[in-house]
Novice: 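I am attaching a structure below and will ask some questions about it afterwards.
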Amino acid sequence: MDKDPNEQQQRDEYNDEMKDQKDDSSKFVNIKKFNFVMLLFFTVLATAGISIFALSFGDEKAVTVGVPERPEFTKLYDAYDSINSEYFMDIEDDALVNGAINGMLEALDDPYSDYMNQDEAAQFNENISSSFQGIGAEIQSLNEVITVVSPIKGSPAEKAGILPNDQILAVDSESIQGLSANEAVLLIRGEKGSEVTLTIQRPGMQETMEISITRDDIPIDTVYYEMDENNVGVIQLTSFSENTYEELTEAIQELEDQGMEAMVLDMRQNPGGLLPQAISIANLFVPEGETIVQIEEKDGEKQIIEAQAGDKIDIPTSVLIDEGSASASEIVAAALNETADIPLFGQTSFGKGTVQTAEEFSDQSNMKITTARWLTPEGNWIHDDGIKPTTEVSLPDYAFLPFLEVDVELEESMLSEQVKTAEEMLQAIGFDPGNIDGLFDEETRSAVEEYQEENELEVTGTINNDTANLLITSLREELEENDPQVEAAHQYLTEEAEINTEEESEEEKEDEDAA
């Protein structure tokens with residue numbers, strides 16, 4: 001059937017029109033897609049720009065990327081920003097941060113928790129290894145007063161007459177009231193041969209004392225020992241540093257080679273030190289499986305540290321403690337007494353029942369905080385109370401005499417506390433100065449002359465620098481030779497542990513000869 005030409009023409013026109021509309025529609029769609037992509041791109045770009053602006057110029061505290069929000073620090077941040085922007089002088093950021101850490105630690109009201117800058121941290125590390133230069137005294141801050149825990153054996157501080165519980169009020173006439181122990185240490189320490197003057201307030205005395213001390217090398221030798229004529233080894237532990245256990249075992253071996261039959265472990269004026277060293281030393285005496293110490297954490301959970309197998313000291317032993325025995329020395333004393341029934345002689349110990357942990361920062365500064373308390377094997381917390389000795393024995397009064405100022409010459413007709421101190425010293429070492437009244441009279445002069453002649457000094461009858469120094473040395477030697485605390489410990493070993501004395505051996509020998 002033939003198609004109508006007109007109808008075919010109309011259909012072609014219609015198809016051409018529909019094609020044109022389709023092309024237009026395709027163009028429209030392509031244009032819209034492009035606009036959408038561009039709009040999305042500019043939106044992302046604008047958002048990023050706003051974010052960068054906010055980070056660069058907005059409130060820094062409001063932007064926290066990947067760090068949990070800590071609203072408790074808002075006040076601290078506000079203070080930091082205010083000081084930085086408004087304080088009338090420039091101040092280093094480190095000083096503000098360090099001050100904030102110090103403030104937090106001071107808020108603990110704990111004398112054993114403190115912050116140490118790089119210099120202080122370095123000196124802290126020196127205390128437990130090798131040696132350092134200074135006067136040789138362990139100190140701490142009690143009620144914002146720097147107080148001596150104990151002088152180190154043989155140190156300039158000990159030789160100058162510094163005693164436990166002495167309060168240091170000033171260093172070279174500069175008050176140190178309110179300083180931390182670490183801050184005070186930086187002032188007291190110094191180069192070997194230099195001199196420092198401490199203003200001391202001694203408990204029970206109204207007047208303060210000025211004590212000048214020449215600094216020296218302070219070796220950290222922590223073990224001293226000797227054998228007496230009765231084969232009793234006397235071993236003194238002065239602190240617990242990195243090598244104390246090794247030093248002690250070497251000393252015991254040496255004394256055993258010499259025939260040691262009994263031991264006196266002297267921890268008087270031992271301020272403590274490293275806990276692992278104390279545990280290792282206690283392990284030498286505590287029976288295997290018995291508790292050495294209990295460490296109680298913040299949550300109340302207790303870590304029970306028990307004695308391990310190994311070589312044990314099986315000879316009769318006694319222990320000496322006093323008010324200068326603290327921390328690690330108290331841990332050892334309590335462990336030996338409560339688990340091995342080793343008696344304690346002397347006076348009640350210092351009473352430090354907490355454990356500190358040091359955390360080092362990236363800049364080598366250090367934060368030392370109390371992280372636990374320790375309990376004795378029987379569960380006693382001795383903090384502030386100390387450990388009471390099995391047998392209490394006091395030192396003679398002359399052991400606590402004030403320091404005799406060697407730069408002040410004492411002569412006849414003078415009346416002073418220094419003269420009274422000199423009279424008490426003379427009497428203690430066997431020279432009669434007459435009445436102990438502080439008056440340098442004829443009897444005092446006679447006693448001084450007798451002392452000078454006996455010690456080959458120039459006989460002047462006055463107490464000059466040379467005489468004063470020798471008097472101090474003589475008094476120390478008198479105490480070492482006639483130490484009632486050591487004598488009590490010896491008596492226990494000779495009587496209770498059946499150690500024969502030299503005198504008893506001579507008597508037995510005479511009886512045998514007579515038979």
Novice: For the residue pair Y115 and F361, categorise the inter-ring angle as parallel (less than 30°), tilted (30 to 60°) or perpendicular (more than 60°).
Specialist: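 Judged by the thresholds at 30° and 60°, the geometry between Y115 and F361 is tilted.
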Novice: Testing the 3.5 Å rule here: is there a donor-acceptor pair between the side chains of R215 and S194?
Specialist: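 A pair is found: one side chain offers a donor N or O, the other an acceptor, under 3.5 Å apart.
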Novice: When you measure from the side chain of R189 to the backbone N and O of I135, does any donor-acceptor pair fall under 3.5 Å?
Specialist: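 No, because the side chain of R189 does not come within donor-acceptor range (under 3.5 Å) of the backbone of I135.
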Novice: If you round to the nearest 0.5 Å, how far is CD1 of I168 from OG of S141?
Specialist: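 It is 11.0 Å, given to the nearest 0.5 Å.
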Novice: Give a yes-or-no answer on whether the side chains of S365 and Q118 include a donor-acceptor pair shorter than 3.5 Å.
Specialist: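 No donor-acceptor contact under 3.5 Å links the two side chains.
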Novice: Could you walk me through whether Q277 and Y245 pass the side-chain contact (heavy atoms from CB on, under 4.5 Å) check?
Specialist: CA-CA 6 Å; Q277 292 285 312; Y245 173 77; 3.3 Å; yes
Novice: Please determine whether the number of non-hydrogen atoms from other residues, nucleotides or ligands lying under 6.0 Å from atom CD of E144 exceeds 12.
Specialist: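 No - once you tally the heavy atoms of other residues, nucleotides and ligands closer than 6.0 Å, there are 12 at most.
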Novice: Considering non-hydrogen atoms only, spot the tightest contact between A157 and G136 and give its length.
Specialist: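 What the structure gives for the nearest pair is CB-O, 3.5 Å.
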Novice: To the nearest 0.5 Å, how far apart are CG in N182 and CG in N366?
Specialist: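 That separation rounds to 9.0 Å.
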Novice: Go through it in stages, so that I can follow the logic: the residues are E138 and I152, the test is side-chain contact (heavy atoms from CB on, under 4.5 Å), and I'd like the CA-CA distance, side-chain angles, deciding distance and then a yes or no.
Specialist: CA-CA 7 Å; E138 178 80 12; I152 296 173; 5.8 Å; no
Novice: Is the backbone of S329 close enough, under 3.5 Å, to the side chain of S325 for a donor and an acceptor to pair up by distance?
Specialist: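 No, because the side chain of S325 does not come within donor-acceptor range (under 3.5 Å) of the backbone of S329.
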Novice: Given 3.5 Å as the limit, does a donor-acceptor pair link the side chain of Q356 with the main chain of K368, or not?
Specialist: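 Flag not set: sc Q356 to bb K368 has no pair under 3.5 Å.
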Novice: Does the side chain of F285 reach to within under 4.5 Å of the side chain of T339, using non-hydrogen atoms?
Specialist: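 Counting from C-beta outward, F285 and T339 never come under 4.5 Å.
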Novice: Would you call N270 and F240 a side-chain contact if the rule is heavy atoms closer than 4.5 Å?
Specialist: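 Side chain of N270 against side chain of F240, heavy atoms only: contact under 4.5 Å found.
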Novice: I'd like a table of donor-acceptor pairs (distance under 3.5 Å, sequence neighbours excluded) in which one partner is a side-chain atom from residues 384-395, with atom names and distances.
Specialist:
from : atom 1 : to   : atom 2 : distance (Å)
T390 : OG1    : L344 : N      : 2.9

Novice: Side chains of Q167 and I146, heavy atoms from C-beta outward: is any pair under 4.5 Å?
Specialist: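 A side-chain contact is absent here, since even the closest heavy-atom pair is not under 4.5 Å.
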Novice: Nearest 0.5 Å please: distance from the CZ atom of F350 over to the NZ atom of K352.
Specialist: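 Output value for this atom pair is 9.0 Å.
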Novice: So, S239 versus T222: side-chain donor-acceptor pair below 3.5 Å or not?
Specialist: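 Per modelled atom types, S239 and T222 side chains form no pair under 3.5 Å.
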Novice: Can N231 and E261 be counted as having a side-chain donor-acceptor contact under 3.5 angstrom?
Specialist: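 Result is yes, a qualifying pair exists.
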Novice: Could you verify whether a donor N or O on one side chain and an acceptor N or O on the other, from H490 and D228, lie under 3.5 Å apart?
Specialist: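 Yes, D228 and H490 have a side-chain donor paired with an acceptor closer than 3.5 Å.
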Novice: For the residue pair G434 and D432, what are the closest heavy atoms and their distance?
Specialist: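 Residues G434 and D432, closest heavy atoms: N-OD1, 3.0 Å.
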Novice: Can you see whether T291 engages E306 through a side-chain donor-acceptor pair at a distance of less than 3.5 angstrom?
Specialist: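 Looking only at side-chain atoms, E306 and T291 do not form any donor-acceptor pair under 3.5 Å.
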Novice: I'd like to check E423 versus L426 (side-chain heavy atoms, cut-off strictly below 4.5 Å). Are they in contact?
Specialist: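 No, side chains not in contact.
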Novice: Please check if any side-chain donor atom of N102 sits under 3.5 Å from a side-chain acceptor atom of E106, or the reverse.
Specialist: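 There is no such pair (donor and acceptor under 3.5 Å, judged by atom type) between the side chains of N102 and E106.
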Novice: Short question: side chain of N283, backbone of V286 - any donor-acceptor pair under 3.5 Å?
Specialist: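 No: the side chain of N283 does not pair with the backbone of V286.
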Novice: Quick check: closest heavy atoms across V332 and A278, and the distance to 0.1 Å?
Specialist: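 So the minimum-distance heavy-atom pair works out to CG2-O, 3.6 Å.
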Novice: Closest heavy-atom contact between R70 and E72?
Specialist: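 Shortest heavy-atom contact: NE-OE2, 2.5 Å.
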Novice: Begin with the C-alpha distance, continue with both residues' side-chain angles, and end with the deciding distance and a verdict on side-chain contact (heavy atoms from CB on, under 4.5 Å) for T421 and M425.
Specialist: CA-CA 6 Å; T421 297; M425 287 182 171; 4.0 Å; yes
Novice: Q140 and Y112: side-chain donor and acceptor closer than 3.5 Å?
Specialist: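 Side-chain D/A pair, Q140 to Y112: present.
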Novice: Donor-acceptor pair, D322 side chain versus G346 backbone, under 3.5 Å?
Specialist: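 No, D322 side chain to G346 backbone: no donor-acceptor pair under 3.5 Å.
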Novice: Is the backbone N or O of N469 less than 3.5 Å from a side-chain atom of T473, with the two atoms forming a donor-acceptor pair by type?
Specialist: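 Flag set: sc T473 to bb N469 pair under 3.5 Å.
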Novice: For E191, look at atom CD and say whether over 12 heavy atoms of other residues, nucleotides or ligands are found less than 6.0 Å away.
Specialist: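 Atom CD in E191 is not crowded, with 12 or fewer foreign heavy atoms closer than 6.0 Å.
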Novice: To the closest 0.5 Å, what do you measure between CG (L237) and CG (D266)?
Specialist: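 Rounded to the nearest 0.5 Å, the CG-CG separation comes to 8.0 Å.
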Novice: Taking it one step at a time, do E254 and Q258 satisfy side chain to side chain donor-acceptor pair (under 3.5 Å)?
Specialist: CA-CA 7 Å; E254 174 67 24; Q258 297 177 27; 3.0 Å; yes
Novice: Please find the pair of heavy atoms, one from I472 and one from L404, that lie closest to each other, and give the distance.
Specialist: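 Scanning both residues, the minimum pair turns out to be CD1-O, 3.8 Å.
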Novice: Answer yes or no: is there an ion pair linking D483 with R268, defined by an N-O contact shorter than 4.0 Å?
Specialist: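 Answer for the salt bridge query: yes.
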Novice: Quick one: pull up CD1 in I429 and OH in Y398 and give me the separation to the nearest 0.5 Å.
Specialist: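 Answer for the CD1-OH pair, I429 versus Y398, is 10.0 Å.
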Novice: Should the pair Y492 and F345 be assigned to parallel (<30°), tilted (30 to 60°) or perpendicular (>60°) ring geometry?
Specialist: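 Geometry flag for F345 against Y492: tilted rings.
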Novice: Does N455 reach the main-chain N or O of Y451 with its side chain, forming a donor-acceptor pair under 3.5 Å?
Specialist: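 Yes.
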Novice: So which pairs with a foot in residues 166-184 pass salt bridge (Lys or Arg N to Asp or Glu O under 4.0 Å), sequence neighbours left out?
Specialist: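 Pairs touching residues 166-184 that pass the test: D166-R202.
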Novice: Does the side chain to side chain donor-acceptor pair (under 3.5 Å) test come out yes or no for T197 and S212, once each step is laid out?
Specialist: CA-CA 4 Å; T197 300; S212 295; 3.0 Å; yes
Novice: Specify the closest pair of heavy atoms between L493 and A262, including all atoms of both residues, with the distance to one decimal.
Specialist: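 In this case the closest contact between L493 and A262 is CD1-CB, 3.9 Å.
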Novice: Give, for atom OG of S150 and atom CD1 of I139, the distance between the pair rounded to the nearest 0.5 Å.
Specialist: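 Here the interatomic distance stands at 12.5 Å.
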Novice: Between E330 and I382, is there a side-chain heavy-atom distance shorter than 4.5 Å?
Specialist: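 In short, these two side chains touch, coming nearer than 4.5 Å.
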Novice: Short question: side chain of S175, backbone of S173 - any donor-acceptor pair under 3.5 Å?
Specialist: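 No, because the side chain of S175 does not come within donor-acceptor range (under 3.5 Å) of the backbone of S173.
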Novice: Looking only at atom types and distance, does a side-chain atom of Q303 sit under 3.5 Å from a main-chain N or O of I295, one as donor and one as acceptor?
Specialist: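 Answer holds: no.
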Novice: For a 4.5 angstrom cut-off between non-hydrogen side-chain atoms, does P151 reach P164?
Specialist: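 Yes; the side chains approach each other to less than 4.5 Å.
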Novice: Would E338 and T376 satisfy side chain to side chain donor-acceptor pair (under 3.5 Å), going step by step from the backbone distance to the final call?
Specialist: CA-CA 8 Å; E338 293 183 1; T376 70; 3.0 Å; yes
Novice: Mark yes when over 12 heavy atoms from residues, nucleotides or ligands other than D257 sit less than 6.0 Å from its CG; otherwise mark no.
Specialist: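 Yes, CG of D257 has more than 12 neighbouring heavy atoms, counting only those of other groups under 6.0 Å.
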Novice: After noting the C-alpha distance and the side-chain angles of E207 and M205, does the key distance pass the side-chain contact (heavy atoms from CB on, under 4.5 Å) rule?
Specialist: CA-CA 6 Å; E207 296 183 3; M205 295 183 59; 5.5 Å; no
Novice: Side chains of E409 and I463, heavy atoms from C-beta outward: is any pair under 4.5 Å?
Specialist: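 No, every pair of side-chain atoms sits at 4.5 Å or beyond.
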Novice: Is any side-chain heavy atom of E250 closer than 4.5 Å to one of E246?
Specialist: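 Heavy-atom side-chain distance check passes, below 4.5 Å.
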Novice: Judged by atom type as modelled, is there a donor-acceptor pair below 3.5 Å linking the side chain of E323 to the main-chain atoms of S349?
Specialist: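 Side chain of E323 to backbone of S349, a donor-acceptor pair under 3.5 Å: no, none is there.
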